[in-house]
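First up is the structure itself, then whatever we jot down about it.
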Amino acid sequence: MIKTALFILLSFFSQVVFSQSSNTQNRAMLDEKSIVRGEDGMVYPHEVWKKLLQTGKFSIKSRNTKTENGQQEWVIYELTAEHRKALMERMPKPMQSDSFIAGEKFDGFKTSDINGNKFDLKNTDGKIIVLNFWFINCPPCKAEIPELNELTEAYKENNNVIFIAIALDDRYDLKDFLKTTPFNYNIVNSGRSFAERYGVKSYPTHVVIDKTGTIKFSTLGLATNTIAWIKKSIDESLASN
């Protein structure tokens with residue numbers, strides 16, 4: 001399982017670098033030794049600019065400068081809302097999960113989160129359900145949490161959208177993890193039985209279920225436009241009759 005998560009992370013990072021850099025021909029491959037500066041001229045450590053790229057809110061281009069030893073320099077810059085939207089629209093749709101096929105009815109279940117809130121997903125009563133299958137030691141699962149929190153914030157006034165994160169970890173470990181890494185979904189602990197029920201083997205796996213109980217969208221792994229597609233699917237479900 002951990003090997004699967006690491007493979008997804010490496011695949012995701014490769015996709016980020018490619019998608020962000022594809023608008024410049026003959027661009028050298030970016031790696032941990034690349035010199036990347038902010039718009040203020042400061043050199044950004046590899047881990048910093050990598051995380052910025054992973055948000056889908058930044059891009060990298062040639063700075064048209066070189067270091068004293070002739071190494072090419074790059075600049076990372078924040079995309080405007082219009083540029084982000086255009087970028088997301090140009091990118092391929094994230095890979096669908098084999099466990100949740102769009103257009104099929106969702107076979108729901110009953111569960112409770114770590115705070116004792118109960119959910120009956122067999123009877124969603126016109127609600128839109130957003131599921132996330134994850135576990136604590138999954139690097140891409142943790143990488144997307146800040147953006148998932150932003151997503152829940154966008155719908156906090158809408159009681160018709162319910163966010164549920166099915167974690168493989170036990171309650172104690174989750175409580176400890178959440179002390180330093182807030183995650184604003186409703187967290188369900190010890191969810192391995194649910195993952196096995198649906199045949200979920202890759203993490204994270206996301207599912208959006210519309211008001212009729214039909215699977216609207218699903219995806220596995222983490223791509224730059226994963227969150228954008230989740231939001232798009234929620235909005236389309238809200239707009240439908």
Side-chain angles (χ1 to χ4, degrees), residues 1-96 132 134-151 153-154 180-183 202-206 219-232:
M1 183 178 298
I2 293 176
K3 289 183 178 179
T4 300
L6 289 173
F7 173 77
I8 292 170
L9 177 62
L10 291 172
S11 299
F12 159 64
F13 181 56
S14 298
Q15 179 177 352
V16 170
V17 172
F18 176 78
S19 64
Q20 298 288 356
S21 62
S22 60
N23 60 346
T24 300
Q25 294 182 349
N26 301 321
R27 176 170 295 184
M29 179 64 69
L30 291 162
D31 58 27
E32 66 275 5
K33 296 181 181 179
S34 298
I35 305 300
V36 178
R37 297 182 182 273
E39 294 180 273
D40 56 4
M42 293 183 59
V43 175
Y44 280 35
H46 174 247
E47 287 301 317
V48 172
W49 63 257
K50 182 177 74 172
K51 288 180 179 179
L52 289 176
L53 281 183
Q54 289 172 350
T55 68
K57 298 178 181 179
F58 293 80
S59 187
I60 284 181
K61 63 183 178 181
S62 173
R63 194 168 182 263
N64 295 319
T65 58
K66 293 184 178 181
T67 62
E68 292 182 356
N69 62 5
Q71 185 177 359
Q72 183 178 3
E73 295 185 328
W74 307 85
V75 60
I76 187 166
Y77 61 98
E78 187 170 6
L79 296 164
T80 65
E82 292 77 13
H83 285 158
R84 289 201 303 272
K85 181 179 180 182
L87 174 64
M88 297 302 168
E89 290 177 348
R90 288 198 303 270
M91 294 180 64
K93 184 177 182 179
M95 182 183 300
Q96 179 173 255
N132 173 26
W134 71 294
F135 61 96
I136 290 173
N137 290 325
C138 163
C141 298
K142 291 190 288 188
E144 69 178 359
I145 286 177
E147 282 196 276
L148 294 179
N149 286 342
E150 291 180 10
L151 186 67
E153 182 69 17
T180 56
T181 310
F183 190 2
S202 298
Y203 300 84
T205 287
H206 295 278
T219 187
L220 55 86
L222 176 58
T224 307
N225 59 345
T226 293
I227 311 302
W229 268 91
I230 295 173
K231 187 176 189 308
K232 170 183 169 67

Check whether any side-chain heavy atom of [X] lies under 4.5 Å from a side-chain heavy atom of [Y], and answer yes or no.
{"X": "Gln96", "Y": "Thr219", "result": "no"}
{"X": "Ile35", "Y": "Tyr44", "result": "no"}
{"X": "Val36", "Y": "Met42", "result": "no"}
{"X": "Leu151", "Y": "Lys231", "result": "yes"}
{"X": "Lys93", "Y": "Trp229", "result": "yes"}
{"X": "Lys61", "Y": "Trp74", "result": "no"}
{"X": "Pro140", "Y": "Cys138", "result": "yes"}

Find the distance between [atom1] ([X]) and [atom2] ([Y]) and round it off to the nearest 0.5 Å.
{"X": "Thr224", "Y": "Glu147", "atom1": "OG1", "atom2": "CD", "result": "9.0 Å"}
{"X": "Ser202", "Y": "Leu222", "atom1": "OG", "atom2": "CG", "result": "13.0 Å"}
{"X": "Glu78", "Y": "Ser59", "atom1": "CD", "atom2": "OG", "result": "11.5 Å"}

Heavy-atom closest pair, residues [X] and [Y]:
{"X": "Pro92", "Y": "Asn225", "answer": "O-ND2, 3.0 Å"}
{"X": "Asn149", "Y": "Pro182", "answer": "ND2-O, 2.9 Å"}
{"X": "Gln71", "Y": "Lys33", "answer": "NE2-O, 2.8 Å"}

Exercise. If you measure from the Lys or Arg side-chain nitrogens to the Asp or Glu carboxylate oxygens, is any gap between Glu73 and Lys66 under 4.0 Å?
Worked result: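 No, Glu73 and Lys66 are not salt-bridged.
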Problem set entry | Whether Asn132 side chain and Pro204 backbone form a donor-acceptor pair below 3.5 Å |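 No; judged by distance alone, with no hydrogens or angles, the pair does not exist.
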Problem set entry | Trp49 ring center within less than 6.0 Å of Phe58 ring center |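 Ring centroids of Phe58 and Trp49 are no less than 6.0 Å from each other.
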Exercise. Less than 6.0 Å separating the ring centroids of Phe135 and Tyr203?
Worked result: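 Ring-ring flag for Phe135/Tyr203: true, centres closer than 6.0 Å.
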Problem set entry | Thr180: partners by side chain to side chain contact (heavy atoms under 4.5 Å, CB included), with sequence neighbours left out |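 Side chain to side chain contact (heavy atoms under 4.5 Å, CB included) check on Thr180 returns nothing, list empty.
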Problem set entry | Partner residues of Asn64 under the side chain to side chain contact (heavy atoms under 4.5 Å, CB included) criterion, sequence neighbours left out |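 Residues passing side chain to side chain contact (heavy atoms under 4.5 Å, CB included) with Asn64: Ser62.
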Exercise. Does the side chain to side chain contact (heavy atoms under 4.5 Å, CB included) test come out yes or no for Val75 and Ile60, once each step is laid out?
Worked result: CA-CA 6 Å; Val75 60; Ile60 284 181; over 6 Å; no
For this session: Kindly write out the residues that satisfy side chain to side chain donor-acceptor pair (under 3.5 Å) with Glu150, not counting sequence neighbours, or none if the list is empty.
Result: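 Residues passing side chain to side chain donor-acceptor pair (under 3.5 Å) with Glu150: Lys57.
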Exercise. Should Lys142 and Thr181 be marked as a side chain to side chain contact (heavy atoms under 4.5 Å, CB included) after you check the CA-CA gap, both sets of side-chain angles, and the distance that decides it?
Worked result: CA-CA 9 Å; Lys142 291 190 288 188; Thr181 310; 5.9 Å; no
